[in-house]
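Right, one structure below, let's go through it.
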Amino acid sequence: MITELRVENFKSFGSDMSPLFLRPLNFVVGANASGKTNLLSALRFLKIALLQNVEIAVGEFDGPGEVRNKILRERKETKPVRMRLKVDGAKLGEFRLGKGPTRHAKSFNYHIEIDVRCNDEEPLVLREELSAEFTDESNQSLGYKMVRSQNQVTIEDAVFGHAPPQPIPIAPQDASRLAAGAGFFSPPLVLFRNYIEGWSFFNISPAVARQPCKEVPELALGEAGEYLAAILHKLEKQNGEKGSLEQIVAGLRGAVPGFKNVRAKALEVEGKWTFQVVEDRIRGAINPRSVSDGTIRLLAMLVIAHWSARCSTLLAIEEPENGLHPHLSKHIVELLRTASETRQVIATTHNSSFLDELEPEEVILCDKKEGFTVVHHASEVAEIKSFRKHFRLGELWEQGTLGGIP
């Protein structure tokens, strides 16, 4: 999981962000326009840049003017976008070359520096570094380092001994391409790319999640809830493999009054799938258009926790409380806490009730100071332990004691 993150000069972030230390479960709170979404956007930008290239990532965010910090953009000195992250964990993967020994990834340290100008010039990768620690079968530590400058890539590989003897020149057409996305350079890059590829981002829209859809080979819930019906159909075909369908149904029964079941339905004319909800005391089934937004959102949240978490390394969720009754706050936090036992979770929220179910180390507060986003943990607030003897964490946030004032 990501244990340390630093973002500079990206959107609302300035040049002096302190390292942000993350846990398996993280909730980001703050006022509107404080930068909560920008924290998740930085990770989404990095994923697109690494899997495709920086130019495409800039385009996905509506151009350089929406990527580089607007305040710093107006100053004369160059302020490149910088991102640093440290990844630690026992589930980062393993790699074996042919019949050689297996190497286990223990940590990655990654840093990029990008020149994103507010004109028609192509964004440039100024510098990129990836250092990694692996262990062999006797648990001995082995090091790896890749450095990409504007002109070349150099690799030091004590893990597999797969480093090229000479620096690899950067072709002009690859000026905006990150070397960490090119797994053919060396095996550790394959594992790091796979880890980033496993990041999943969600901002559920009930209108989108209701739509019929076809079942595709690489089935995954879309950012807005696309393919929800096809996933439910697949879970039905698997007869609830690993208990996912049963857990989803049980979760809805415990949260939605009168809910009985959910089932997929084929639309043969279109070759697509939809779903229906069955409720107590109502004859027949209810089509998605007649199901409440809150039920659709909760259904999608349950699919994220029990389906998307299987193939994701990170679940990033925008405001999971939208459209849901406040009494479900504990239910949602428990759902995401269970998911965070196997996959890291970062969620943004305006719901103070969520904070009552969290530890101070799990709460990240966003403030705007002089136009820049500043982040800190609730656990960093002086006398937080004393405050919690008399007030709930949500109350402290609403009072302004923690910062990140709503």
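Given the structure is predicted, the values throughout are model-derived calculations rather than measurements. The basis for the numbers below is simple: all heavy atoms, side chains too, and nothing from hydrogens, waters or symmetry mates.
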Note, [X] side chain near [Y] side chain (heavy atom, < 4.5 Å):
X      : Y      : value
Trp273 : Ile231 : no
Ile2   : Tyr195 : yes
Val29  : Ile364 : no
Arg148 : Leu130 : no
Met1   : Leu314 : no
Asp367 : Ser34  : no
Glu357 : Ile332 : no
Arg337 : Glu362 : yes

One pair to check against side-chain contact (heavy atoms from CB on, under 4.5 Å): Ile282 and Asp280. What are the steps and the verdict? CA-CA 5 Å; Ile282 296 179; Asp280 292 332; over 6 Å; no
Does either side chain, that of [X] or that of [Y], offer a donor lying less than 3.5 Å from an acceptor on the other one?
X      : Y      : answer
Glu361 : Ser379 : no
Tyr110 : Ser131 : no
Ser149 : Asn151 : no
Glu318 : Thr348 : yes
Glu398 : Ser352 : yes
Asp88  : Thr3   : yes
His104 : Glu94  : yes
Glu8   : Ser15  : no

Can you check salt bridge (Lys or Arg N to Asp or Glu O under 4.0 Å) on Glu215 and Lys237, steps first, answer last? CA-CA 12 Å; Glu215 187 173 353; Lys237 288 196 303 182; 3.3 Å; yes
How close do [X] and [Y] get, counting heavy atoms only, and between which atoms?
X      : Y      : value
Pro320 : Leu336 : CG-CD1, 4.4 Å
Ser12  : Asn38  : OG-ND2, 2.8 Å
Gly294 : Leu324 : O-CD2, 3.1 Å
Val159 : Gly143 : CG2-O, 3.5 Å
Val249 : Phe259 : O-CE2, 3.7 Å
Pro288 : Arg210 : O-NE, 2.8 Å

Using side-chain contact (heavy atoms from CB on, under 4.5 Å) as the criterion, point out the one residue from Ile112, Leu178, Asn53 that pairs with Val125. Leu178
Salt bridge (Lys or Arg N to Asp or Glu O under 4.0 Å) filter on Glu4, not counting sequence neighbours, yields none
Mind checking the [atom1]-[atom2] spacing from [X] to [Y]? Nearest 0.5 Å is all I need.
X      : Y      : atom1 : atom2 : result
Leu396 : Ile384 : CG    : CD1   : 5.5 Å
Asn32  : His350 : CG    : NE2   : 4.5 Å
His377 : Leu365 : NE2   : CG    : 9.0 Å
Ser186 : Lys145 : OG    : NZ    : 14.0 Å

Checking Glu223 against Arg44 for the salt bridge (Lys or Arg N to Asp or Glu O under 4.0 Å) test, could you report, in this order, the C-alpha distance in whole Å, the side-chain angles of both residues, the deciding distance, and whether it holds? CA-CA 11 Å; Glu223 290 190 20; Arg44 185 171 177 270; 3.3 Å; yes
Using only atom types and a distance under 3.5 Å, with no angle test, would you say the side chain of [X] pairs donor to acceptor with the backbone of [Y]?
X      : Y      : value
Arg193 : Ala180 : no
Ser292 : Thr295 : yes
Asp62  : Glu66  : no
Ser41  : Thr37  : yes
His325 : His327 : yes
Ser312 : Ser308 : yes
Asp136 : Asn139 : yes
Lys86  : Leu5   : no
Gln211 : Ala207 : yes
His376 : Leu402 : yes

If you apply the rule side-chain hydrogen bond (donor to acceptor under 3.5 Å, both in side chains), what do you find for Thr274 with Asn287, and how did you get there? CA-CA 8 Å; Thr274 186; Asn287 291 322; 5.9 Å; no
Between Tyr144, Phe95, Phe108, which is the residue that forms a ring-ring contact (aromatic ring centres under 6.0 Å, His included) with Phe192? Phe108
Ion pair [X]/[Y], N-O distance below 4.0 Å:
X      : Y      : value
Arg103 : Glu137 : no
Asp356 : Arg388 : no
Arg253 : Glu246 : no
Glu113 : Arg127 : no

Verdict with reasoning, Met146 to Val153, per side-chain contact (heavy atoms from CB on, under 4.5 Å): CA-CA 7 Å; Met146 181 276 294; Val153 175; 3.9 Å; yes
Are Leu40 and Ile317 close enough, and set up right, to give a side-chain contact (heavy atoms from CB on, under 4.5 Å), and what steps lead you there? CA-CA 8 Å; Leu40 299 190; Ile317 307 168; over 6 Å; no
With a cut-off of 6.0 Å (strictly less than), are more than 12 heavy atoms of other residues, nucleotides or ligands near CD of Glu156? no
List the steps, then state whether salt bridge (Lys or Arg N to Asp or Glu O under 4.0 Å) holds for Arg68 with Asp115. CA-CA 9 Å; Arg68 186 178 170 191; Asp115 185 2; 5.6 Å; no
Evaluate Thr349 against Glu319 for side-chain hydrogen bond (donor to acceptor under 3.5 Å, both in side chains), listing each step before the verdict. CA-CA 5 Å; Thr349 186; Glu319 299 181 6; over 6 Å; no
For the residue pair Phe61 and Phe45, does the interplanar ring angle fall in the parallel (under 30°), tilted (30 to 60°) or perpendicular (over 60°) class? perpendicular
Using the side-chain contact (heavy atoms from CB on, under 4.5 Å) rule, take Leu335 and Ile304 through it: C-alpha gap first, then chi angles, then the decisive distance, then the call. CA-CA 10 Å; Leu335 182 68; Ile304 289 170; over 6 Å; no
